[in-house]
Structure formats: structure tokens, C-alpha cells
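The analysis underlying the following values was restricted to heavy atoms, covering all of them including side chains, and did not include hydrogens, waters or symmetry mates. Chain naming here is simple, since letters A, B, ... match the order of the sequence lines and numbering starts at 1 in each.
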Amino acid sequence: MNILETVKKGVQDAIKNLYQGEIAADAVVLNPTRKEFEGDYTLVVFPYTKMAKKAPPVLAEEVGVYLKENVSEIEDYNVVKGFLNLSFSDGFWKEFLFQNSGNPSFGKGTANGKKVMVEFSSPNTNKPLHLGHIRNILLGWSSAKILEAAGNEVVKVQIINDRGIAICKSMLAWQKFGNAETPESSGTKGDHLVGKYYVEFEKQFKKEYANWQQSEEGIEHFMSHKKREQTEEEYFKKYKQQYFNENSVLGKEAKEMLLKWEAGEEETVNLWKKMNGWVYEGFDTTYKKLGVEFDKLYYESNTYLLGKEMIDKGLNNKVFFKKEDGSVWIDLTDAKMDEKIVLRSDGTSVYITQDLGTANLRYQDFGVEKMVYVVADEQNYHFKVLFETLKRLGEPYAQNMHHLSYGMVDLPTGKMKSREGTVVDADDLVAEVIEEARTNAVERGEIVEISQEERDTIYRKIGLAALKFFIIKVNPKKRMIFDPKESVDLQGQTGPYVQNAFVRIQSVLRKAQLDSVDLSLAGGYEKIETQEKELLNQLFTYPSIIQQAADELDPSAIANYCYNLAKGYHKFYHDHSILKAESEAAKSFRLQLSKMVANVLESGLDLLGIEMPERM
RNA sequence: GGUCCCGUAGCUCAACUGGAUAGAGCAGCUCACUUCUAAUGAGCAGGUUUCAGGUUCGAGUCCUGACGGGAUCACCA
């Protein structure tokens with residue numbers, strides 16, 4: 001039994017024996033003791049005062065006496081107001097350390113036989129990945145790792161949005177203005193090349209639209225359609241999408257191309273395959289740089305027709321209803337949502353139809369009983385509707401659908417807007433943080449004795465740690481402000497700060513090995529010091545932090561934990577000598593403590609997709 | 001307008017899910033490297049947790065209402 005459960009049981013017994021009261025185990029509030037007080041864990045006794053008819057300090061005192069006598073691990077206690085601070089014995093802590101310090105997988109749960117799917121990244125194939133995708137990818141990857149660490153079997157997937165009008169815009173622009181340019185001929189990464197033509201299309205379309213606004217047709221249109229008080233600028237801004245659909249020459253061509261694609265016309269399909277191929281190659285490079293991979297990719301070109309048989313099922317069960325024009329709807333007004341279309345009047349799928357079908361397909365493919373979608377919070381409503389619909393359809397997995405919803409990433413200057421060229425490109429950003437790590441290391445003028453290749457590996461690890469930690473440390477649901485300058489910071493509350501604690505330990509361990517220390521001497525260590533106890537306490541909570549992060553799908557909990565552990569270690573390292581400790585026992589104890597801290601830091605950062613350098 | 005999310009130090013973020021005197025980093029000002037690597041540590045300064053009520057032994061956290069920011073309300077995806 002876990003010590004905390006033992007204590008809780010002890011508290012239950014105390015209440016029962018002292019006051020003849022019954023309390024549930026999860027009603028026992030046990031918190032880590034704040035560091036300005038003496039103790040390891042604190043019991044809050046206020047909830048029992050009524051039952052026991054005692055004043056809080058008296059009650060705390062009585063329970064304290066009982067626990068000290070009846071729970072062997074509890075060595076001492078003290079009472080401050082209604083708070084009972086409990087101290088565990090050094091023996092308990094030593095055993096905890098010796099049992100776990102050499103275990104690299106400390107904190108990870110045992111396999112629970114559950115299968116979970118995590119969907120993340122899921123880009124469009126018409127432009128390269130940007131900062132927004134990076135937040136998505138990092139959250140998805142670390143959530144998957146965390147769920148795995150909590151004992152689940154995890155399948156990582158993405159659904160690639162590889163069809164539709166957007167990719168046709170890139171294709172058309174390339175056809176018209178591309179002069180058969182390829183990634184090879186231009187030396188441009190595939191996804192960037194395709195993105196370039198997407199931008200080119202928008203540019204040409206904008207020009208066309210501007211010309212139309214000045215033309216007789218455009219002027220006449222404006223005069224006959226404008227609302228009162230509406231300026232030309234306001235009107236045309238609003239009309240843009242409609243212009244694309246109804247008046248535009250380029251728009252017409254793009255739409256024709258989409259029709260050809262849907263009809264399977266060979267030339268169009270080949271062009272589509274070629275350009276998407278370029279994009280995938282580019283994406284792969286970016287994913288590799290970020291250190292992520294997937295178990296299976298779903299393509300919307302394969303899934304966009306799915307879901308219709310589920311519509312039939314739902315119609316039979318009266319989950320859905322049909323309107324006069326043949327369109328199919330679900331009425332969610334009793335769940336405080338709206339009526340929502342699930343099949344168009346012409347019988348074709350909409351977004352949610354595909355998602356219904358895809359969820360079902362995934363269940364068939366993998367038998368997963370839980371699915372996590374990492375998607376920005378602008379789609380909160382969509383997923384509410386999707387999950388509710390699956391429930392009403394009675395799908396077996398419907399109770400375990402989760403939307404890991406995260407806030408958008410803003411720049412200090414405001415929102416990212418592709419049209420205004422304020423998008424931060426993923427590849428540029430990665431290159432920038434690595435370069436910053438290099439510059440910094442060169443200025444410091446250290447680690448010169450290793451090869452250039454090894455140094456490059458270290459710079460890459462440090463740069464990426466800075467970037468990843470900076471993004472993951474923020475609670476996912478919060479909208480975050482991304483300052484590129486701060487993201488490359490290597491000091492303070494950063495990834496490299498955590499790495500540095502690990503590196504310091506490695507350095508100590510390397511030196512210690514030369515002396516060949518007898519680790520068994522640590523058992524004779526007399527008195528564990530305050531800072532050592534604090535570190536042990538922090539290490540002790542690691543398993544529950546993993547569990548919490550998994551339950552709440554919140555990788556930021558791991559990031560903040562790692563930072564605090566590293567901080568504790570840096571301070572300990574500063575105040576205590578390890579290799580020149582006052583006794584052999586102390587030295588051995590501290591080496592094992594350091595070893596365990598290193599293991600946990602490495603394990604924790606690994607859950608965030610951050611690698612440890614051996615030196616820096 | 002309806003619904004949902006957010007609001008904590010100048011800035012970027014925490015706060016163990018209702019617990020003790022709200023903590024870190026950055027930026028600013030001091031101090032500490034011939035020492036197990038200073039990508040570190042110590043100190044100063046910075047707060048009416050947007051505001052007003054309520055619930056209770058106790059509220060940044062829960063409830064109500066304002067105010068501010070964002071998202072969403074397509075036979076788009």
C-alpha cells in the first residue's frame with residue numbers, strides 16, 4: 001500500500017476509534033506541507049470538527065498522537081491551528097530512495113490494458129506548418145507520451161486535410177504561373193513551394209477582385225446591393241467570399257478543378273498527387289526535426305465519403321430527422337445546442353458526417369475505447385456536437401471522447417494572419433532557436449573538446465528544449481502570447497534550465513565513478529537534511545503528477561513539475577558538496593539522490609518530447 | 001444578441017482542484033565563480049488575484065451579476 005493510503009487509513013481509524021465517526025478515504029484531505037512549516041504531509045482537520053465536537057487544534061493534537069503511535073512511518077507531528085503536519089521517518093525516506101533511485105521508469109504506471117487514440121497535427125496540404133501547428137503537435141505528442149506513461153496503449157494518428165478548394169487554389173496557381181517549378185529545380189522545401197503558390201493564388205485573386213471593383217460591373221453591383229450607410233470598402237470586404245463563388249474567373253477555375261478532382265479526372269488527380277507528395281516530404285522533414293511520428297495517417301480524400309451509413313442508422317433510430325428538401329439533421333436543443341445538419345440535401349457529407357464516419361472507422365481499425373482530439377478551441381462547439389451525436393447513436397466508445405482544446409497562439413504584435421504575412425513558420429522557428437543555442441554556447445566558449453557533430457547535436461537539443469518547454473509550460477486551454485525573443489531564452493524558467501540540472505548531475509556521476517563509491521554506505525546516513533527531504537518529497541509526487549497530467553490531458557503539469565524539481569536540485573547543488581560530503585555515507589546518499597533526480601528529470605522531459613544532452 | 005473559454009506583479013506564467021503569509025521567471029538594482037560546470041545561487045523591489053455581492057471555519061479557486069478580452073453560432077472544413 002502506498003504510504004498516503006496508509007496514512008488516510010490511519011486517519012479513518014483515528015476518527016473511528018477516538019470519536020466513533022465514519023469518513024470516506026477520499027474525504028481525507030492530505031496535502032504536501034508548505035515549506036515554511038515542519039513536516040512532509042499535512043492533514044486538514046477542519047472537516048471533522050463538527051463530528052468530533054472538538055476545537056480544531058485539540059482535534060489535530062489527538063489525531064496526531066494516534067497516528068504517531070499507530071502508523072510506523074510517522075515519526076513526528078506538530079499542530080498549527082487546524083493543520084496537522086506529519087513527518088515521515090528518515091527510514092521511510094531512505095527506503096524510498098534506495099528502491100527507486102536506479103529505476104529509470106519510476107513514476108510510470110503499469111499497463112492497464114486500455115487503448116487510447118490521440119489525433120493531432122492534422123494539417124492542410126496547401127501550406128507549410130506554422131507556430132499554431134507547433135503548439136498542437138507538442139501538446140499531442142506529449143499527451144500521447146503521458147497517456148502511455150500512465151499505463152495506456154496509445155495510437156498516434158492524424159487526419160490530413162488533403163482535398164478541397166484550398167489545395168485546388170495552390171494547384172491552379174502552380175499550373176498557371178509555376179513554369180513547371182519543382183522542389184528540386186528551385187531548391188525549395190516541398191511544403192513551402194506549394195505554400196508559395198497558395199499565396200500566389202490569393203495575390204492574383206486579390207488583384208482580380210480589385211479590378212472588378214473598379215469595373216462597370218463591379219460599380220453597378222455595389223450601387224444596387226449596398227446597404228444604407230455602408231462604404232465601398234466595408235461592402236467589398238464582406239462580399240469577398242461570395243465574389244469568389246459567384247463572379248470570379250479564378251474562383252470559377254478553382255471550383256472547376258475541384259469538380260474534376262472529384263470526378264477522378266486523370267490529369268488533375270496526377271497533379272494533386274504530385275503536389276501533395278511534395279508537401280508530405282516537407283512535413284516529414286519538419287516532424288523529424290521536432291522528433292514526432294505517427295502510427296497511422298488518415299486522409300480526408302479517403303474518409304470524406306464516410307459516415308453515411310451512420311446517418312441511416314440514426315434515421316432508423318430517430319436520432320436524426322429528415323427535412324422536406326432531403327437534408328438530414330439532429331436536434332440538440334434539449335442539450336442546449338442547436339439543430340445541426342449532418343447530411344446535405346444533395347446527399348453529400350458535411351464536416352461532421354466525416355467525423356462520425358472516421359471515429360467509427362478508427363474504432364474498427366484499432367478497437368480503441370478512448371479518443372483524444374487535439375484541436376484548437378475555435379472548434380469547441382463542433383466537438384460538443386460530435387460527441388453528443390455519437391452518444392445518441394449509442395456508439396460503444398462514445399462515453400470516452402475527449403477534445404484537448406487549446407487556445408490560439410498570439411504574437412506580441414497581435415494575431416497571426418497569413419494574409420498579412422505575420423505567420424511564424426515552423427521550420428524558420430526551429431532553425432532560429434537552434435542557432436540561438438549555438439551562438440550562446442560559442443560565446444560561453446565551453447565544451448570545445450568534443451567533435452563538431454556532437455556539438456551540433458547538443459545545440460539542437462538545447463534549442464528545441466527552449467522552444468518546446470516555452471510552449472508546453474502554459475496550460476493548454478489558455479490562449480498564449482508567443483514572444484520569439486523569449487522562446488529562445490536559455491536562462492530562468494526554461495527547458496535548458498532543466499537540462500542543466502541533469503547535466504550537472506551527469507558530470508558529478510562521471511567523476512564519482514572514478515572513485516568507485518560504495519553505495520551501500522548510504523544506509524548509515526544519519527540525518528537527512530531539509531533540502532534533501534524536499535527533493536525526496538518532490539520525487540515522491542512524480543507518479544501522481546503523471547497520473548494527474550494524464551487524467552486532465554495537461555502536459556503543462558509535467559513541465560512545471562520538472563522546473564520545480566530542477567530548481568530544488570540547483571539550490572541543493574549550490575548549498576551542499578556531493579563528492580566532498582562530510583562523510584562517505586552522506587556522499588553515497590547524495591549520489592543516489594542525484595541519480596534519481598536525473599532519472600526523473602530525463603523521464604519527465606521525455607514525456608514532453610525533450611531530449612537531454614550529456615553536457616552543455 | 002445566445003452559448004462557451006479566459007482575466008493573478010510592468011511582461012510571460014504557477015498555485016497540488018476549497019486550505020496556512022498568492023509563488024516563479026523575465027525586465028530593473030545589489031552580491032557570490034582558483035570549488036562537483038555561474039545556462040547557477042542569494043538578496044532588494046514589485047499584488048485590494050478586473051469589480052460588486054454571496055456560500056463557509058476558510059475563496060485566486062465555487063455561485064450570482066457587472067466590466068474587459070477571445071472563440072463560436074454555414075447545406076465551409
Side-chain angles (χ1 to χ4, degrees), chain A residues 29-34 36-37 42 44 46-47 49-50 55-56 80-83 85 124 161 163-166 241 300 304 323 325-329 336-338 340-346 348-352 354-355 376-382 384 405 407-408 410 412 415 437 440-441 444 446-447 462 466 470 473-475 477-483 485-487 489-494 496-501 503-512 541 544-545 548 552 556-557 559-561 563-564 567 570-571 573-581 590-591 594 615-616:
Chain A
V29 181
L30 211 53
N31 295 324
T33 303
R34 297 184 69 118
E36 55 269 36
F37 299 100
T42 297
V44 183
F46 288 105
T49 48
K50 264 187 194 157
V80 181
K81 292 189 277 185
F83 300 91
N85 300 321
N124 297 342
N161 197 342
R163 60 171 284 279
I165 195 73
Q241 187 57 41
E300 206 184 289
Y304 81 109
K323 287 197 176 172
D325 62 2
S327 58
V328 180
W329 297 71
K336 281 177 74 178
M337 286 176 261
D338 301 313
K340 191 82 192 167
I341 189 162
V342 294
L343 200 67
R344 288 196 190 101
S345 52
D346 63 6
T348 56
S349 307
V350 292
Y351 185 32
I352 198 159
Q354 297 172 43
D355 272 356
D377 63 7
E378 56 192 359
Q379 295 202 38
N380 282 354
Y381 183 66
H382 170 74
K384 257 180 92 173
S405 158
M408 302 294 236
D410 290 329
K415 281 190 189 182
N440 215 279
R444 292 161 44 83
E446 288 174 16
I447 56 174
I462 295 174
F470 184 79
K473 75 176 182 189
V474 181
N475 188 305
K477 69 180 170 188
K478 282 192 166 176
R479 200 179 179 95
M480 72 176 288
I481 294 177
F482 182 90
D483 187 340
K485 277 205 297 282
E486 284 177 24
S487 74
D489 274 352
L490 310 174
Q491 275 131 21
Q493 194 176 15
T494 66
Y497 175 96
V498 181
Q499 288 177 320
N500 186 228
V503 165
R504 285 178 138 181
I505 295 170
Q506 295 313 305
S507 173
V508 172
L509 293 178
R510 270 196 299 270
K511 294 218 163 144
T541 59
S544 66
I545 297 286
Q548 180 205 335
E552 294 174 16
S556 73
N560 287 310
Y561 171 82
Y563 170 72
N564 284 321
K567 188 175 165 62
H570 276 307
K571 186 163 168 50
Y573 179 92
H574 181 265
D575 292 347
H576 298 81
S577 183
I578 297 164
L579 296 178
K580 290 177 194 156
R590 286 176 191 163
L591 280 171
S594 299
R615 55 185 77 209
M616 59 195 286

Side-chain H-bond candidate by donor/acceptor type, A:Tyr351 with A:Gln379, under 3.5 Å: yes

Main-chain N/O of A:Arg590 paired with A:Ser594 side-chain donor or acceptor, under 3.5 Å: yes

Residue whose closest nucleotide on RNA chain B lies nearer the 5' end, A:Lys477 versus A:Leu343: A:Lys477

Toward the 5' end of RNA chain B, by each residue's nearest nucleotide, A:Arg479 or A:Gln493: A:Gln493

Nearest-angstrom distance, P atom, B:rA15 to B:rU56: 28 Å

Pairwise P distance for B:rA38 and B:rC11, with rounding to whole Å: 34 Å

Would [X] count as stacked on [N] if the rule is ring centres under 5.5 Å and plane angle under 30°?
X        : N      : value
A:Tyr563 : B:rA24 : no
A:Phe46  : B:rG58 : no
A:Phe83  : B:rG19 : no

Any strand: nucleotide that pairs with B:rU34 via Watson-Crick or wobble, under 3.5 Å: none

B:rA20 base / A:Thr42 side chain donor-acceptor hit below 3.5 Å: yes

Donor-acceptor pair present, A:Asp338 side chain and B:rA74 base, under 3.5 Å: no

Minimal non-hydrogen separation, A:Gly407 against A:Asp377, with atom names: CA-OD2, 3.5 Å

Atom pair distance, as rounded to whole Å: CG in A:Asn564 and C1' in B:rC16: 11 Å

Mutual orientation of the aromatic rings belonging to A:Tyr497 and A:Tyr563 [parallel < 30°, tilted 30-60°, perpendicular > 60°]: tilted

Distance test, side-chain N/O of A:Lys567 to OP1/OP2 of B:rG25, below 4.0 Å: yes

